[in-house]
Each structure stands twice: as C-alpha cells, then as structure tokens.
Amino acid sequence: MIDTLNIPIQRTQNSRLSQVDFNNVPFGKVYSDHMFTAEYEDGEWKNLRIEPYEAIQISPASPTLHYGISIFEGLKAFKNGDGSINIFRADKNFERLNVSADRMCIPQIPEQIFFDGLHALLELDNGWVPDADGTSLYIRPFIFSNDDYIGIKPSESFKFMIITCPVGAYYSKPVKVKIEDHFVRAVEGGSGYCKTGCNYGPAMYPAKLAQQDGYDQLIWTDGKEHKYIEESGTMNIMLVIDGKLVTPELGDTILDGITRDSVMQIAKDWGMEVEERKVEVEEVITSIKEGRLTEAFGAGTAATIAQIELIGYKGEDFQLPPVEGREFSNRVLKELDGLKLGLIEDRFDWISKI
Ligand code: COI
C-alpha cells in the first residue's frame with residue numbers, strides 16, 4: 001500500500017452528538033455526523049471525500065432505483081477500555097463487498113480506498129462509538145449505480161459510501177422463527193450469496209406474512225424442494241445437535257456470514273465438533289422432538305447471536321430448550337463480546353485498531 005490517501009474533510013457545523021442518548025440507541029435510526037464518498041467514473045475511483053451526513057442527490061433514471069444495482073456490507077466498531085476503537089474483521093467485509101460487486105457488474109473497490117475511507121471516517125466520528133453494554137458503532141459501506149440511463153446494461157458510474165450509526169441490539173429478545181415452505185429467497189445460480197438489495201426487498205413480504213402469524217423471522221429453505229434449511233436473511237442459522245455445532249454449508253444461496261465463520265472458528269478452538277453440511281428440515285424437527293437439538297441461534301453482524309426460542313413448521317410450533325441453559329451459544333456470545341471489546345487476547349487476529 002502507498003501512503004495514506006489524503007481525503008478532504010468537510011466538518012459539520014452542527015454536530016448532533018450531544019443530542020444522542022447512547023444508553024438507548026435503537027438499531028439503524030440515528031446516524032453519525034459524517035459520511036465518506038468515492039465516485040467511479042471513466043474507469044477509475046476518484047473524488048474521495050468526507051462530508052456532513054445528509055441526503056444525497058440521485059438521478060430519477062438511476063438503475064439503482066429501477067433495477068436494484070446496489071450492494072452493501074455491515075460491520076461493527078467497539079470502544080475499548082483505553083478509549084481506542086476496535087474494528088471487527090473488516091478485511092472479511094472488504095473481500096465480501098468485492099464478491100458482491102463481481103456478481104452485480106460493479107467495479108472492484110480498491111483495498112486502500114475502503115480502509116483509508118473507513119479509518120478517516122472513524123477517526124473523525126470516534127465520539128459516536130458508544131461504550132454502554134451491548135452497544136457498538138454499526139458501519140454500513142455500500143455501492144450503487146450513479147448512471148442516468150434506464151436501459152438494461154451494466155452501469156458505468158457508481159458511488160461508494162460509508163455511513164455509520166451507534167446501535168444497540170437488533171433483536172431485543174429471543175426470536176420465534178418459521179421455516180418457510182412456500183416462498184423462496186435464493187436459488188442455485190442466483191445471487192443469494194451476495195449482499196445486494198435484490199435479496200432483501202423481496203424477502204420482506206413472506207416475512208411480513210409470518211409476522212402476522214406471530215413469528216419474528218423466517219428460516220428460508222432451498223428453492224427446489226424446500227427440503228433443506230438455508231439462512232434467515234438477517235443472519236445465518238446455527239444449531240447444536242447431539243453436542244455438535246451444525247450449520248448449513250455455503251453455496252450460491254447462503255451468505256458467507258462473518259459471525260458464522262467466527263462462531264465456527266471459536267467452536268473448533270474449544271474442541272467442539274463442527275459440521276457444515278446440508279441440514280434437512282426433517283432432521284431439525286426430529287431432533288427437536290427427540291430432545292437432541294439443544295440450541296438454535298442466528299449469527300450475524302447486526303444480530304450478533306440471536307437466540308431462537310421457537311421454530312414453527314407447517315402450522316406446528318416447536319418450543320426449544322430454555323435460553324438460560326444453552327451452554328455453547330451463551331459462552332460463544334461472551335467470547336465474541338470479549339474479543340471485540342479487547343477484554344480477551346485477540347488470538348485469531350480479528351481486531352484492527354484505530
Ligand atoms: C448485518 O448483519 O450487517 C446485515 O446486513 C443484516 C441486516 C439485517 C441489518
């Protein structure tokens with residue numbers, strides 16, 4: 001890497017920092033003072049800058065609005081005991097953003113622009129990183145088409161932006177999930193493994209129907225037979241069956257979750273058996289009935305570890321063992337929190353510091 005990019009900064013004259021109650025921050029509603037932008041035009045990324053957070057202009061003909069030409073990431077920063085800031089596994093988010101970019105005909109974002117933009121923004125807005133229990137700074141990098149053309153073709157101009165927001169828990173209590181056996185989130189050959197808006201918009205209607213029936217979220221199943229569980233849309237699904245950590249194997253249809261990967265690495269480090277494989281719905285239901293499924297949880301950046309208290313399938317609800325007694329998921333949540341906050345030695349090399 002060459003020298004740090006010299007990113008021009010226009011500071012806000014009206015900081016909103018003093019108006020925020022950091023002990024009570026809902027997810028995704030309050031944004032930090034500044035945002036980072038880079039523009040892609042004539043085959044190169046340029047015009048890097050940090051400006052006050054505000055609404056942006058976009059052409060009414062932008063393919064972003066018409067065809068969903070957008071990709072995004074989610075990562076978190078934490079306030080360390082010594083006042084410094086820990087960013088968790090940003091290298092994985094950088095890699096995954098470019099995997100999504102490939103699939104959506106978006107040019108690769110150079111490593112230096114991603115990291116220098118991120119670091120400059122966090123240095124400037126470091127006062128926005130909360131330190132109350134269970135809070136963090138959620139970081140949302142995203143890229144979208146900035147073309148002015150409604151024909152169907154790969155775009156030629158883009159914006160890469162980073163915005164941040166102090167957040168508390170995404171799910172404030174254990175969730176009830178329904179195994180979806182009609183609607184489909186992703187199919188083989190599709191874009192389910194990417195973080196593109198195209199995967200999230202159409203998932204809301206089936207989720208809304210499930211919410212009307214009292215569930216919080218769905219567990220999606222495969223698009224061919226609805227035979228295998230996949231992911232939850234907001235998080236990957238992880239189970240403890242017969243004392244082993246079991247999670248659906250990755251493929252075209254499942255996001256390569258960074259929390260999922262972290263949980264698996266920690267489990268292996270603790271000597272636990274980990275199985276990444278196809279997981280049949282039937283196996284989930286049978287193992288609940290036989291008392292062999294002792295824990296179920298979602299793993300995601302926003303959700304962290306979201307305990308699943310109940311699984312619904314074909315009109316029947318299956319109550320899972322009490323959350324308090326779940327040895328692995330409670331312990332892994334504590335371990336992840338300890339690593340992110342710098343309370344536990346960073347033996348996996350997951351933390352970068354500001
Ligand atoms: C994340 O976990 O970062 C996501 O992008 C999921 C979204 C539901 C907030």
Side-chain angles (χ1 to χ4, degrees), residues 25-32 68 70-78 86-101 103-104 114 118 122 129-130 134-144 160-173 175 177 180 185-186 191-208 210-211 215-220 230-238 247-248 250 253-264 297-308 329 332-333 336-337 340 350:
V25 274
F27 186 92
K29 293 205 168 151
V30 179
Y31 293 89
S32 313
S70 76
I71 56 173
F72 66 96
E73 272 303 322
L75 63 156
K76 279 180 174 169
F78 301 83
N86 287 351
I87 314 178
F88 188 68
R89 304 198 72 181
D91 52 331
K92 297 288 284 180
N93 294 93
F94 165 70
E95 283 168 19
R96 196 173 61 184
L97 185 65
N98 276 334
V99 169
S100 302
R103 183 64 175 80
M104 296 296 287
F114 182 93
L118 176 63
L122 291 195
V129 186
T135 63
S136 57
L137 189 77
Y138 185 75
I139 302 165
R140 174 54 65 91
F142 56 108
I143 309 179
F144 58 93
F160 167 54
M161 300 186 68
I162 308 177
I163 56 173
T164 69
C165 49
V167 296
Y170 190 81
Y171 294 111
S172 51
K173 56 181 182 44
V175 293
V177 296
E180 178 58 58
R185 172 186 172 274
S191 60
Y193 64 96
C194 301
K195 272 188 105 62
T196 166
C198 308
N199 293 335
Y200 290 78
M204 290 183 198
Y205 176 66
K208 188 177 99 174
Q211 281 153 13
Y215 301 100
D216 301 291
Q217 256 308 334
L218 298 174
I219 295 181
W220 296 100
E230 299 213 312
E231 61 148 284
S232 190
T234 52
M235 51 199 185
N236 293 105
I237 295 294
M238 312 196 92
T247 192
L250 298 177
T253 56
I254 297 181
L255 188 81
D256 183 358
I258 295 161
T259 309
R260 171 188 182 276
D261 179 74
S262 307
V263 169
M264 289 195 304
F297 57 96
T301 297
T304 317
I305 301 295
Q307 295 289 0
I308 297 174
S329 43
V332 89
L333 174 60
L336 279 169
D337 284 347
K340 290 167 177 174
W350 285 342

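All ligand and atom numbering here is 1-based and tracks the order in the structure.
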Q: Pick one: which of Val167, Ile139, Thr259 meets side chain to side chain contact (heavy atoms under 4.5 Å, CB included) with Lys76?
A: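 It is Val167; the other options fail the test.
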Q: Near Phe72, which atoms of ligand 1 are under 4.0 Å from a heavy atom of that residue?
A: 5 (O)
Q: Short list, please: which atoms of ligand 1 are under 4.0 Å from a heavy atom of Thr234?
A: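 By the 4.0 Å cutoff, the relevant atoms are 8 (C).
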Q: State the atoms of ligand 1, each with its element, that fall below the 4.0 Å cut-off from a heavy-atom position in Arg140.
A: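 Heavy-atom distances to Arg140 below 4.0 Å select 5 (O), 9 (C).
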Q: How far does CG of Asp216 sit from NZ of Lys173, to the nearest 0.5 angstrom?
A: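 One finds 5.0 Å between CG of Asp216 and NZ of Lys173.
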Q: If the contact criterion is a heavy-atom separation under 4.0 Å, does Tyr200 count as touching ligand 1?
A: no
Q: Compare every heavy atom of Ala306 with every heavy atom of Met235, then report the nearest pair and how far apart it is.
A: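 Result for this residue pair: SD-CB, 3.7 Å.
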Q: Any idea which atoms of ligand 1 are less than 4.0 Å away from a heavy-atom of Ala302?
A: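 Result: 1 (C), 2 (O), 3 (O), 9 (C).
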Q: Report the residue from Tyr200, Phe144, Phe142 that forms a ring-ring contact (aromatic ring centres under 6.0 Å, His included) with Phe72.
A: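 Result for ring-ring contact (aromatic ring centres under 6.0 Å, His included) with Phe72: Tyr200.
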Q: Using distance alone, determine whether Tyr138 and ligand 1 share an N or O pair under 3.5 Å.
A: yes
Q: Which ligand 1 atoms does Gly74 reach within 4.0 Å, using its non-hydrogen atoms?
A: 3 (O)
Q: Can we call the ring centroids of Tyr170 and Tyr138 under 6.0 Å apart?
A: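 Ring centres of Tyr138 and Tyr170 not closer than 6.0 Å.
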Q: Have a look at ligand 1 and work out which part of Lys195, if any, has a heavy atom under 4.0 Å from it: side chain, backbone, both or neither.
A: side chain
Q: Distance under 4.0 Å to a non-hydrogen atom of Tyr170: what atoms of ligand 1 satisfy this?
A: 8 (C)
Q: Report the residue from Asn199, Thr253, Thr196 that forms a side-chain hydrogen bond (donor to acceptor under 3.5 Å, both in side chains) with Ser191.
A: Asn199
Q: For the residue pair Trp350 and Phe88, categorise the inter-ring angle as parallel (less than 30°), tilted (30 to 60°) or perpendicular (more than 60°).
A: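 Because their plane-to-plane angle is over 60°, the rings of Trp350 and Phe88 count as perpendicular.
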